[in-house]
There are 4 protein chains.
Amino acid sequence: MRTVAAVIGGGVCDQETTLLAEKVGEQLAERGVVLVCGGLGGVMEAAARGAKRAGGTTVGILPGFSAQEANPYIDIPIVTGLSHARNAIVVRSAKVVIALPGEYGTLSEIALALKMRIPVIALNAWYSQEGVIHAKTPEEAIQKALKSIPGLADGNR
Amino acid sequence: MRTVAAVIGGGVCDQETTLLAEKVGEQLAERGVVLVCGGLGGVMEAAARGAKRAGGTTVGILPGFSAQEANPYIDIPIVTGLSHARNAIVVRSAKVVIALPGEYGTLSEIALALKMRIPVIALNAWYSQEGVIHAKTPEEAIQKALKSIPGLADGNR
Amino acid sequence: MRTVAAVIGGGVCDQETTLLAEKVGEQLAERGVVLVCGGLGGVMEAAARGAKRAGGTTVGILPGFSAQEANPYIDIPIVTGLSHARNAIVVRSAKVVIALPGEYGTLSEIALALKMRIPVIALNAWYSQEGVIHAKTPEEAIQKALKSIPGLADGNR
Amino acid sequence: MRTVAAVIGGGVCDQETTLLAEKVGEQLAERGVVLVCGGLGGVMEAAARGAKRAGGTTVGILPGFSAQEANPYIDIPIVTGLSHARNAIVVRSAKVVIALPGEYGTLSEIALALKMRIPVIALNAWYSQEGVIHAKTPEEAIQKALKSIPGLADGNR
């Protein structure tokens with residue numbers, strides 16, 4: 001079984017966040033970790049693009065009814081038809097969640113992850129949210145993500 | 001069709017919050033509004049108890065597999081088997097959400113409601129959460145809830 | 001807590017099935033049982049109309065994003081946003097399921113109910129489906145439904 | 001994006017069905033198709049084992065709360081926490097569904113797939129179920145699956 005991490009964040013994002021998300025995706029892929037995300041645009045797309053650049057595997061847990069809504073960097077579309085209720089699946093499937101800037105959808109995922117006791121690494125964002133672990137660079141986020149779960153370092157169990 | 005409002009908050013709560021939740025439930029029932037909640041203990045139970053005291057109707061959107069997990073003040077148990085993903089249904093079914101103190105589960109419901117553009121009235125809680133409407137008393141919460149949606153005042157559409 | 005039964009069947013139906021569904025809804029309501037259904041047209045609407053005629057309570061577990069999609073006889077709309085995955089909630093919320101003629105959606109509900117060991121009474125339909133209990137009239141269906149669960153007769157536990 | 005097919009069937013199965021499921025998994029993998037299944041035992045495990053034997057990728061859409069419930073041949077565990085409601089995701093994620101012998105859970109998936117207009121190839125089973133396409137050998141099932149959707153032959157779009 002592969003190790004799975006989720007990257008979450010806004011469906012629209014600025015250039016700085018795009019670069020951060022790409023780096024996070026890239027570094028997860030370099031460690032053999034499968035990237036799960038919501039499958040749409042913004043942070044989800046940037047993280048998936050970064051992961052593919054490094055030869056990784058990407059899964060999009062889509063809210064709608066068609067694989068066609070996935071961004072172009074998703075290898076495996078999971079088509080839920082559950083709308084926002086799919087957020088629970090994004091985080092539950094992950095050993096660790098890396099949260100970039102986002103809005104209410106992202107906040108719901110952070111809250112659900114914390115409720116499920118899944119560690120959340122907040123990268124350059126969510127400073128006032130208690131319960132998350134903060135990081136300022138993709139490297140720091142990945143390092144803290146690796147530390148938060150046993151076995152993530154090698155991408156396998 | 002009856003008007004439906006959700007009351008959300010911790011599954012365990014202190015005496016002060018219990019009293020607030022009971023009052024909110026009571027006052028919703030007095031206005032003919034159906035109370036939807038997560039169906040378990042703490043704020044959910046107190047709000048349902050208040051609603052029943054005033055002769056209202058209570059619905060519990062349960063996370064598990066049996067109606068037996070509902071608190072004793074739930075008239076209609078909706079048994080989802082969806083665990084935390086049921087939080088999306090609690091708020092989506094409501095015209096307005098009244099949030100009392102709680103933890104990550106409650107935060108996920110607030111975030112989902114705001115994402116769905118359903119108004120959230122925070123009663124004596126969630127002061128640092130942007131996007132919610134604050135109230136200090138049950139009366140103020142009910143008044144602001146009534147104002148936030150057309151037609152709530154009479155409990156019918 | 002009220003006793004809940006589900007009535008399932010096609011979203012479009014003929015005159016004969018409409019009359020059967022109305023009678024089933026009516027007789028459940030007369031026994032104090034809450035009617036849960038999918039909230040849309042056809043059998044769901046006819047059963048709810050029958051229940052309201054007898055002063056009962058009706059709940060629609062809606063697949064979409066708005067209470068407005070409920071038929072006019074639904075008291076309490078539960079807005080799931082889950083599309084067909086809501087079928088699992090319709091049957092899981094019921095102590096017994098009464099199935100009228102329908103198509104694949106109805107078949108999925110019958111199968112899910114049987115998987116969950118919830119009794120399914122098939123009224124004038126589903127003759128080749130093993131595992132269901134057959135009835136030829138609404139009266140027979142109600143009688144067999146009552147027998148299938150303890151405590152349904154009085155609509156309370 | 002990879003092409004995804006679902007293999008469904010009983011959580012426990014006999015030797016003959018095990019061999020059929022393995023062959024189906026193997027042949028999907030040989031064509032570059034990602035195997036999605038419910039992630040547990042019986043047909044799900046046999047199909048995943050066959051797919052891994054041929055170097056394929058396997059996804060398990062799990063009903064429970066932990067990746068640990070996946071069978072040993074699942075690469076990517078999607079942890080839904082939705083119990084039987086996850087059946088809707090298994091089939092919705094697939095371009096085609098191949099159904100082996102099973103019981104009510106499998107029947108619910110067949111019905112949901114047909115409702116969603118996803119083609120269902122029934123292999124050595126489900127002879128009385130209308131709407132499915134029948135096949136007697138894994139080869140015939142794969143061939144009919146390939147025909148049922150454009151682009152499956154090469155496993156990519």
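Keep in mind that the numbers below use all heavy atoms, side chains included, and drop hydrogens, waters and symmetry copies. Lettering follows sequence order; numbering is per chain, from 1.
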Under 4.5 Å from a heavy atom of chain A, the part of B:Glu130 involved: both
OG-CG distance between B:Ser108 and A:Leu107, expressed to the nearest 0.5 angstrom: 9.0 Å
Contact class of B:Ala111 relative to chain A, heavy atoms under 4.5 angstrom: both
Those residues of residues 112-127 of chain B, ordered by number, that approach chain A below 4.5 Å (heavy atom to heavy atom): B:Leu112, B:Leu114, B:Lys115, B:Met116
A:Lys52, NZ atom: more than 12 neighbouring heavy atoms under 6.0 Å: yes
Non-neighbouring partners of B:Ser83 that pass side-chain hydrogen bond (donor to acceptor under 3.5 Å, both in side chains), sequence neighbours left out: A:Arg92
Whether over 12 other heavy atoms sit under 6.0 Å from B:Glu103 CD: no
